[in-house]
Amino acid sequence: MEFRPRNYTVEEESSSLDRVSVDTHPLSPPSPSQHQVDVVDQGKSDFYDPLRGSDANGMISLDDLREEDSSSAVNEADSELPTKEWTSFKKFLMQRFSGSKMVSISPMSDVIMKSGQVREKASTTMHLEELDDPQKFAEDGIKVISQQVYVSRLHELKDEINRSWQANDRVTSLTLAIKVARLLMDTSVLQFYPTLFVLATDVMDMVGEMVWQRIKQKAEFSEDGNVICSLTENFEAKDICVDAKETCSNWFFKIGSIRELLPRIYLELAILPCWRFLVDCPVDVIQRLVMMTRGIADPLASAYCCLYIAHCVQKLPQQDTGYLIMCINDIKILLTRFLSAEESTDGNFSERSKSLISLMEPTIEYIVKCIVKDSYQTRATNILVELGIGMKQTEFVGKLPCISIILHHFLKELPSELVSSNAVEIFQLIESSKDYSFDQCLNYRLLGFRISESRSQLDIVNAVVDKVLKVASEYNSLDEFLKVVDAYVDIILQNQMVCAHMVEICLPLSGEFANLLYFEVSVVICSVAKSFLEFVSHGFGVLGILNECIALQDNKLNIILDGIVKRACNEGIAEIELINLQSIFLKLLAHLKNLEDIFSLSHFIEILDMMHGSARSMVNMHILTMATRKGRIHDPTIVQFLFEVSQSLHDGMDHSNMKYDDSQQPARLISRFVTMVDYGPELERHLAFLLECRGAFGGINDLKETLVHSSNRLAVKAMKDGENHTSYVKSCIAFNEVTIPSVPSCVKQLNLYLETAEVALLSGLVSHSDGLLDSAIFCLQTMDQMDDLRLPSDVDWILSFMRKLCSLLVLVPGNPQQGVTYILRSMLALINSQSWVSSRTRTRVLCAVLSLVATLSQFELPYHANHELVLGNDHLFYGDPIYSQELLSLSASILQNLVDNIIQEPSRVARGSMALEACNCIASSFNLVQEVLPFVSKLMETAKSCLSSNDKYLQSTMKFVDKFLSA
């Protein structure tokens, strides 16, 4: 056999394309006139090409289409919205208040009684803790029923009412409906009342709808079925016939004769829309019903009755929120009396009282939403006056203070612009509301968040922030302090940014314009005019005033951090407090530009050290993100700080499940930090840092790969310095030799071994390179013993690795003691013994090795190691007959192995493709002499028998082989 001689320089020149200068970059966007493609619409008028949307052809935009579609459905959506909101609200009530497992049966609940369902309560069988008032239910003779049975009975009653109505027995329907409404008088089991309200009002709504449809039918059709008229949505009372009006009045007379107040109100509310058949605008009726609720002594029953009023009035086409404000005021009076009575007894809230407030809160929330949604644009001023905002102090005298829980929901629903412009007055209102109905710190907190939603005048905002910080400083509890200040950190930081931005604007300016601008900016930024005058009186220049304003904002941040440290040192930091503390720290990090700003904040690191758990981890992740997005990290102090942050983050990770949970992000951040550290010329210190990281972050497998890459970069950097670097590079390689085996992925180990071997060759350490390549081969040999083998992508990557290894072996000098083909024989033995190596993979590896052997036989190798101590095989062995004989012997073995492997492939198409690939490799590597021709002929016959004669790969290979046979 003879290897085909190659001249790589000539081949490269002949294969290179001629370079041509161009005016534009080939990837730059073409002008509209170039490569214009006309899209045919094929006669479809609705065809829209998004790439031609900018053409001036009158194309309607997508936004226009959306507006057109949505505008046609506005009325329908508006009419359905209250119904959807009410349905969602009822679900919320049922979920929030699951109710008691057992419900008492009072005399007014006789409609629920049914044989086999109700039993006498016995102390031995009833758990008193399931009742709201154990003392009351400890009395003998109280009857109880399970909630499930109670609910089932209500559903049965609803079905009975519907059946009676369909049977024209409307007296029975009304009687049963009155009995259901009477159930709402019983508030003995507090937690069950919201469920009872939802179920009972479902019955009321059904009755109201049936009455409405009956009267509407009488208005539209006569008794003999003739059409009288067709009522539109906005019909008037004059359109209704006398018979329908008499029927409607009769229903109101029947309901008006109900003896109990509460059922009478609920039934009239249920048929409230029917007033439209009698009067055009039933405002007086609504006000009368609201006035009637004042006769309900029980605060819970009264509040839920007001809730049903708000729901029923939503069904009317014309609404006035005056009745809702009356409802809220009535609830406020009830709560004021109730809270005063509670405070006068023992000064504290009982559990029953807290439960009652919690049950009443959804009614307040829903009514307030209706008030603000329906009328804030037209009656915003009136709403504020009702709350006590915008009134003079003399006008406010004698009025009841706003209840905290009512104020909270108004503050939540009012437009942000209205809140911002009246922020000082709202603060005063919160300050004056000192009842126990709602946690007051949450109102201060909500005020801060609402102010942040819109742009506000800085003087108003700063005045509120100053007042709130004074209030917060009086809290001894860290939890309350954090809840309040968390809402104002963003405001403080935004003001600080405004001041800093103004300084940047003013610095380059000069002259009279600058002085005028300085003055206006300073007055705007100063919290109040008094502060501005104080600054001027102390001789501050305008830029000095701006910087002083920035200092004021810094001082507010320091007040917050000082307050946190003071309270945390006394109490520690509980889990519930970590949520708000995390929020504060994340806001600080979002506004800070670099780590130096963190160090300038008082107590920041001290507080960070006191944090723990997921909150600490989240803050640490944001710190690492901020530090690593700015480029290389050189400062040793910052490196040490980030190392401690990373260590804390690492210790908080779940290393047993890192592959599947969010621990991947912390791991990536830590790896990113390690990569970004740069000690400059202090290479020994940098390697020591990597060694420290390997010990500190042993639970992060991906980091080990990062450490090896970093170590190799250090070795290359040392070589570029031009000094005696051999000992340092040996240290880096030794670090890698210890680290690589701990990487769990064999595929990644192979890559790292190969990369480190390249670095060793670059430094002239041939023996180290041989050892690393031996380790790589050994790693391949152990792969068949592992259980996690092998995804197809892994096998493809290993094939890529072996090809890359072959390209590296061109540089590696042969070992005379073990033979110049020692590593190649190890590779061949490996692919013949491993079960995961398919015949196609084996063919490609054999071709790669064959090409390598042919390359090593050349007079001059295509490339060499860039080191004077590393000589290529062309300099060491060329002309040595033993060297040439060893290469030929190995080639003969490879050729036979290659043909045998291809013939055994069961797939015809794969066998033909593999035969062509091997044939091309042989023709490129050898002169087609007598010893080689049998192999080529056998492979070509195999390819022709397996592939079509029209196959392009087959045809091109035949031409290639014929070319060399004729040469």
Side-chain angles (χ1 to χ4, degrees), residues 2-16 712-726 728-730 732-733 736 750-777 800-827 847-888 890-891 921 924-926:
E2 297 178 2
F3 290 109
R4 186 165 71 87
R6 305 279 295 274
N7 188 326
Y8 295 106
T9 303
V10 174
E11 289 181 12
E12 182 181 5
E13 292 176 355
S14 63
S15 301
S16 299
N712 284 329
R713 279 196 296 271
L714 288 177
V716 174
K717 184 177 180 180
M719 286 182 260
K720 289 181 178 180
D721 287 344
E723 300 177 0
N724 187 9
H725 57 266
T726 304
Y728 181 78
V729 174
K730 287 182 179 178
C732 293
I733 293 174
N736 293 346
L750 295 174
N751 181 51
L752 296 175
Y753 276 126
L754 209 58
E755 179 185 302
T756 308
E758 291 178 16
V759 172
L761 277 177
L762 187 62
S763 185
L765 303 174
V766 178
S767 59
H768 289 76
S769 177
D770 288 344
L772 290 162
L773 294 178
D774 285 341
S775 298
I777 297 297
S800 175
F801 162 79
M802 298 186 111
R803 285 173 166 174
K804 185 177 180 181
L805 175 59
C806 288
S807 67
L808 179 64
L809 289 174
V810 174
L811 303 174
V812 179
N815 191 324
Q817 287 75 27
Q818 295 179 318
V820 292
T821 60
Y822 165 72
I823 296 179
L824 295 178
R825 293 185 185 277
S826 298
M827 289 176 62
C847 289
V849 174
L850 193 62
S851 297
L852 170 62
V853 172
T855 301
L856 294 176
S857 69
Q858 300 302 311
F859 174 76
E860 183 178 358
L861 297 178
Y863 47 86
H864 298 82
N866 189 20
H867 197 281
E868 64 276 5
L869 297 180
V870 182
L871 300 178
N873 285 345
D874 52 348
H875 294 143
L876 290 174
F877 300 107
Y878 189 80
D880 186 343
I882 299 177
Y883 174 72
S884 300
Q885 186 59 40
E886 189 172 354
L887 294 179
L888 289 171
L890 181 62
S891 299
C921 177
S924 300
S925 303
F926 297 94

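All figures in this text were calculated on a predicted structure; none of them were measured in a lab. Side chains included, hydrogens not; waters and symmetry mates left out as well; all remaining heavy atoms used.
Considering all non-hydrogen atoms of both residues, Leu750 and Phe801 come closest at O-CE1, 3.4 Å. When every heavy atom of Leu887 is checked against every heavy atom of Val853, the shortest pair comes out as O-CG1, 3.6 Å. Minimum heavy-atom separation, Pro813 to Asn873: CA-OD1, 3.4 Å. Taking all atoms of both residues into account, the shortest heavy-atom contact from Leu773 to Leu808 is CD2-CD2, 4.0 Å. Considering every non-hydrogen atom in both Ser769 and Ala757, the closest pair reads OG-O, 3.6 Å. Here the shortest heavy-atom pairing between Tyr863 and Ser807 reads OH-O, 2.7 Å.
With values rounded to the nearest 0.5 angstrom, Ile733 atom CD1 is found 5.0 Å from Leu765 atom CG. Expressed to the nearest 0.5 Å, how far CD of Glu2 lies from OG of Ser857 amounts to 11.0 Å. Here His768 contributes atom NE2 and Lys730 contributes atom NZ; the two are 5.5 Å apart, rounded to the nearest 0.5 Å. Note that CD of Glu860 is 13.0 Å distant from OG1 of Thr855, once rounded to the nearest 0.5 Å. Residue Leu850 holds its CG atom at 4.5 Å from SG of Cys921, rounded to the nearest 0.5 Å. Separating the OG atom in Ser14 from the CD atom in Glu11 is a distance of 6.5 Å, to the nearest 0.5 Å.
The shortest distance between side-chain heavy atoms of Ile777 and Leu805 falls below 4.5 Å. In this structure the side chain of Ser800 never reaches within 4.5 angstrom of the side chain of Lys804, judged on heavy atoms. In this structure the side chain of Met719 never reaches within 4.5 angstrom of the side chain of His867, judged on heavy atoms. Phe3 places a side-chain heavy atom less than 4.5 Å from the side chain of Leu888.
Between the Glu758 side chain and the Tyr753 main chain, no donor and acceptor come within less than 3.5 Å of each other. Remark: side-chain polar atoms of Ser884 are not paired, donor with acceptor, to backbone N or O of Pro881 under 3.5 angstrom. When atom types are taken as modelled, the side chain of Ser826 and the backbone of Tyr822 share a donor-acceptor pair closer than 3.5 angstrom. Glu886 places a side-chain N or O within donor-acceptor distance of the main-chain N or O of Thr821, the cut-off being under 3.5 Å.
Within 6.0 Å of CD1 on Ile882 lie no more than 12 heavy atoms contributed by other residues, nucleotides or ligands.
The ring pair (Phe, Tyr, Trp, His ring centres under 6.0 Å) check on Phe877 picks up Tyr883, with sequence neighbours excluded.
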(request) Could you walk me through whether Phe859 and Asn7 pass side chain to side chain contact (heavy atoms under 4.5 Å, CB included), step by step? (result) CA-CA 9 Å; Phe859 174 76; Asn7 188 326; over 6 Å; no

(request) Could you give me the CA-CA distance, side-chain angles and deciding distance for Asn712 and Asn736, then say whether side chain to side chain contact (heavy atoms under 4.5 Å, CB included) is met? (result) CA-CA 8 Å; Asn712 284 329; Asn736 293 346; 2.8 Å; yes

(message) Pair Leu809, Met827 - check side chain to side chain contact (heavy atoms under 4.5 Å, CB included), show working.
(response) CA-CA 12 Å; Leu809 289 174; Met827 289 176 62; 4.2 Å; yes

(request) Go through the steps to decide whether Asp874 and Gln858 satisfy the test side chain to side chain contact (heavy atoms under 4.5 Å, CB included), and finish with yes or no. (result) CA-CA 7 Å; Asp874 52 348; Gln858 300 302 311; over 6 Å; no

